[in-house]
Each structure stands twice: as C-alpha cells, then as structure tokens.
2 protein chains.
Amino acid sequence: MRWLTVSKREEEYLETMYLLHKNKGVIRVKDIARVMRVKPPSVVDALKKLAEKGLVEYEKYDRILLTDEGRKIAEEVYSKHVLLTKFFIDILGIPPEVAEQDACQFEHYVHEVTVERIKEFAAFIQEQCPYVLKQFLKEKIEEAD
Amino acid sequence: MRWLTVSKREEEYLETMYLLHKNKGVIRVKDIARVMRVKPPSVVDALKKLAEKGLVEYEKYDRILLTDEGRKIAEEVYSKHVLLTKFFIDILGIPPEVAEQDACQFEHYVHEVTVERIKEFAAFIQEQCPYVLKQFLKEKIEEAD
DNA sequence: TCACCGTGTTAGGTTCCCCAAAAATGTTTA
DNA sequence: TAAACATTTTTGGGGAACCTAACACGGTGA
C-alpha cells in the first residue's frame, strides 16, 4: 500500500544512497552530492523530504540510512537500471556510457509491462537466434572502428 | 547553431502544437491544454517563453504558429516518438497504450546513438529472423488472452 | 585542550512549471 | 447590435529542486 508519491528525482536520491551504502558502507552528504552532481544543500533538502516520507532515517549530523521502504524502492529502480543497461549493451550493442545514461533516465518512467517484455525478449532472442544477434553486434562494433 | 536550451516540457509543448497543426490546422490554447493535461494559464506561460526563444509565433489573442526552428525541434522529437512507439509495439509486442506512454517519456532523453541503433536493430531482426520475431509476438499476444 | 578544517546545515533566493480566480477579448445568437 | 457564451489572458501564488553565502558541528593535530 504505497500511497506516497516519490518523484523521479527522489528515486534517484534513493538509488544513489542505496549504491553508496552497498559499495562504501556509509552514506554521506558529500558523496551523494558528488554522485548526483548537486551541491550539499540540495542533498540536505532531499534528505529532509525523504525522511518525512519515511524512506530515509535522518537526524542532522547523524548517520544516514535507508528505511526498509526506502531500500525497497531503491532496489526496484536499480533492478530496472541494470536490466535496461544490459539490454542496451547486450542486445542493441550501444556503447556502455550511452547505455548507462539512457537507462538512468528511462528507469524512472518505464512501465512494468515494458520491463517484463524487454526481459523476455532478450531471453527469447538469445535463445532462438543467438547467431543473428552476434552478427548484428559484430557489425556495429566493426562500424565503430 | 542551437545555443538555446529547450526543456523536456518545452519539447512536449512544441510536439503537441506540431501535431495539432498537422491534424486540425489550427493551434488553440484550449486544445494544447487538453492534450498536455494542464490548465490554460500554464499554456500561456509556455507560449510566452517559447515565443521569446523564437520557437513560436505568438501575439496575444492572435493565431499561434511554430516558427521554422520550433517546427524543426518538434519534428525531431516526434520522429523519435514514432520510432520508439513502433519499436515497442512491433518488436517487443508491448500494448499500444503502454508503448505510447513509455515512448512519450523516453523520447526526451534518449541518446541519438540509441535511436539509430534501435532503428538498425529493428530492420536487422525483421530481415534476418522474421519468423522468430513473429513467434515471440504470437506468444505474447496469446498470453494476454 | 583548543584551534582548525572538512563536512553538514540553515537562510534566503532563483527558475521552472503549475494552478484558481478574475479580467479581457472574441464569437455567436437573439 | 448587444447580450450571452467561449476562449484567452493577467494576477497572484505555490511547490519542487536547485544554488550561494554564511554558520554550526566535530574530529584531528599542535
């Protein structure tokens, strides 16, 4: 029962915090700001709002943590991120940096149905015509040289 | 030489106006508002800004037109829209309403490289393994019943 | 211990995009 | 043509997300 609205930007904050926690153990304002390419005051604004929504544990000057609910949202977003990035790279043969950027935006909007279908399509194609796929990727890589 | 920045939302206004002009001949505040799901005052705000940027011909109470530059941007966005929608529907077999929604968001962010690659991939697959594709779509449509 | 410095926070302000209410203009009809 | 109706515009205001400048905290080295 998720009655609260989480904006695209808030999802990005949650995802960033999730990854910082996963990779560095601690979540710090400075690091969130660096990753999100904003200044620290913007991070504090965001933290206050997310705390009010019960998605982040935050007391000023204290350590920052995602709540269960916050982590759940972050994981959902991140899993879409991973899926989309993989699809762009492995199926469409898009350069990693571009794939990353596109996934990063699309993940916040893409419909569940589309996510599922992309997953299925990738599996189907890789199983049914792996050679054709390889051929396509090969051509694209050669063009890039 | 496009030095001015056009926000995502502005792109949407331009695209809406472009389609209204194409389909109804005239562009009216009321219709833009309906399509964009905003109230008329918001449309007027947007029109003023777009006029300042030279993307729209706008004098109050007068007829509304896109300038060449405005139409150019609208066409670029719209062509991405069409491509993405087609890809989602024809290749991934996503239901039209969902495809429409997703395309509508993604079109504003998707990288040129990705657009090109999607185009190429669709052509390649449709040529190299049309039967496999048909099989995939058939399964998905059957599941939906 | 305390002064310093990095980090975090507050205060105040900007831009973008939206709205409701009311005023102005345009159009249609009696 | 003038009243009634539809459409557009102005006015005034709000929320989201960002910023700079200044201030507060807290761990560290002298």
Side-chain angles (χ1 to χ4, degrees), chain A residues 2-17 20-21 24-66 70 73-74 77 104-105 107-109, chain B residues 2-17 20-21 24-66 70 73-74 77 104-105 107-109:
Chain A
R2 190 177 300 155
W3 66 104
L4 43 77
T5 52
V6 181
S7 72
K8 174 200 161 184
R9 205 52 179 153
E10 287 175 332
E11 283 184 358
E12 287 175 358
Y13 276 103
L14 293 174
E15 189 184 9
T16 299
M17 292 166 68
L20 283 171
H21 186 257
K24 303 192 42 171
V26 289
I27 303 171
R28 286 192 305 165
V29 171
K30 196 187 62 158
D31 294 325
I32 300 173
R34 178 178 41 75
V35 174
M36 301 272 302
R37 299 169 177 280
V38 297
K39 303 297 176 187
S42 309
V43 174
V44 176
D45 285 352
L47 288 173
K48 284 178 181 169
K49 276 198 194 162
L50 291 169
E52 266 183 24
K53 295 187 181 183
L55 304 174
V56 166
E57 277 178 43
Y58 170 69
E59 292 291 333
K60 59 170 161 170
Y61 294 111
D62 202 351
R63 78 195 196 300
I64 302 165
L65 284 177
L66 290 177
I73 294 173
V77 174
C104 195
Q105 294 300 325
E107 67 187 353
H108 300 291
Y109 297 115
Chain B
R2 189 177 302 158
W3 66 104
L4 42 78
T5 52
V6 181
S7 72
K8 175 199 160 185
R9 205 52 179 152
E10 287 174 333
E11 283 184 359
E12 287 176 357
Y13 276 102
L14 292 174
E15 189 184 8
T16 298
M17 293 166 66
L20 283 171
H21 185 258
K24 304 194 40 172
V26 290
I27 303 171
R28 287 191 306 167
V29 171
K30 197 186 61 159
D31 294 325
I32 300 173
R34 178 178 42 76
V35 174
M36 301 272 302
R37 298 167 177 280
V38 297
K39 302 298 175 186
S42 309
V43 175
V44 175
D45 285 352
L47 288 173
K48 285 177 181 171
K49 276 199 196 162
L50 291 169
E52 266 183 25
K53 294 187 181 183
L55 304 175
V56 166
E57 277 178 43
Y58 171 69
E59 291 292 332
K60 60 170 159 169
Y61 294 111
D62 202 351
R63 77 194 196 301
I64 301 165
L65 284 176
L66 291 178
I73 294 173
V77 174
C104 196
Q105 294 300 325
E107 67 186 353
H108 301 291
Y109 297 116

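Naming: A, B, ... by sequence-line order, numbering from 1 per chain. In what follows, every heavy atom counts, from backbone to side chain, and hydrogens, waters and symmetry copies are set aside.
OP1 or OP2 of dA16(D) sits under 4.0 Å from a side-chain N or O of Lys49(A). Proximity of Tyr61(B) to the phosphate of dT27(C): no side-chain N or O atom is located under 4.0 Å from OP1 or OP2. For the OP1/OP2 pair of dA16(D) and a distance below 4.0 Å, the side-chain nitrogens and oxygens of Ser7(A) include no atom meeting the criterion. Applying the 4.0 Å criterion to OP1 and OP2 of dT7(C), one finds that Lys30(A) has a side-chain N or O inside that range. OP1 and OP2 of dC18(C) both lie 4.0 Å or more from every side-chain N or O belonging to Arg37(B).
Side-chain atoms of Asp45(B) stay outside donor-acceptor range of the base of dC16(C), with no qualifying N/O pair under 3.5 Å.
The residue from His108(B), Glu107(B), Gln105(B) that alone fulfils the side-chain hydrogen bond (donor to acceptor under 3.5 Å, both in side chains) condition with Lys8(B) is Gln105(B).
Between Glu10(A) and Lys60(A), the residue whose closest nucleotide on DNA chain D is further toward the 5' end is Glu10(A). If Tyr58(B) and Val43(A) are placed on DNA chain D by their nearest nucleotide, the residue sitting closer to the 5' end is Tyr58(B).
When heavy atoms are screened at a 4.0 angstrom cut-off, Lys48(A) is found touching the sugar-phosphate backbone but no base atom.
Relative to the side chain of Arg28(B), the nucleotides dT20(D), dT7(D), dC18(D) differ in distance, and dT7(D) lies closest. Closest to the side chain of Pro41(B), from the set dT20(D), dT11(D), dG8(C), is dT11(D).
One can place OH of Tyr13(A) at 11 Å from C1' of dA16(D), the figure rounded to the nearest angstrom. Note: CG (Leu47(B)) to C1' (dT7(D)) measures 13 Å, nearest angstrom. What separates CG of Asp62(B) from C1' of dA24(C) is a distance of 16 Å, to the nearest Å. For the pair Ile27(B) CD1 and dT7(D) P, the computed distance is 17 Å after rounding to whole Å. In this structure, His108(A) atom NE2 and dA16(D) atom C1' are separated by 16 Å, rounded to whole Å. Between Asp31(B) atom CG and dT7(D) atom C1' the separation is 11 Å, expressed in whole Å. Atom NZ in Lys39(A) sits about 16 Å away from atom P in dG6(C), given to the nearest Å. Between Met36(A) atom CE and dG8(C) atom P the separation is 16 Å, expressed in whole Å.
With Lys53(A) contributing its side chain and Thr5(A) its backbone, the two residues share a donor-acceptor pair below 3.5 Å.
A salt bridge links Glu12(B) to Arg9(B): at least one charged side-chain nitrogen sits closer than 4.0 Å to a carboxylate oxygen.
Of all the heavy atoms in Tyr58(A) and Ala51(A), the pair that sits closest is CB-CB, 4.0 Å. Across every non-hydrogen atom of Leu14(B) and Gly70(B), the tightest pair is CD1-O, 4.3 Å.
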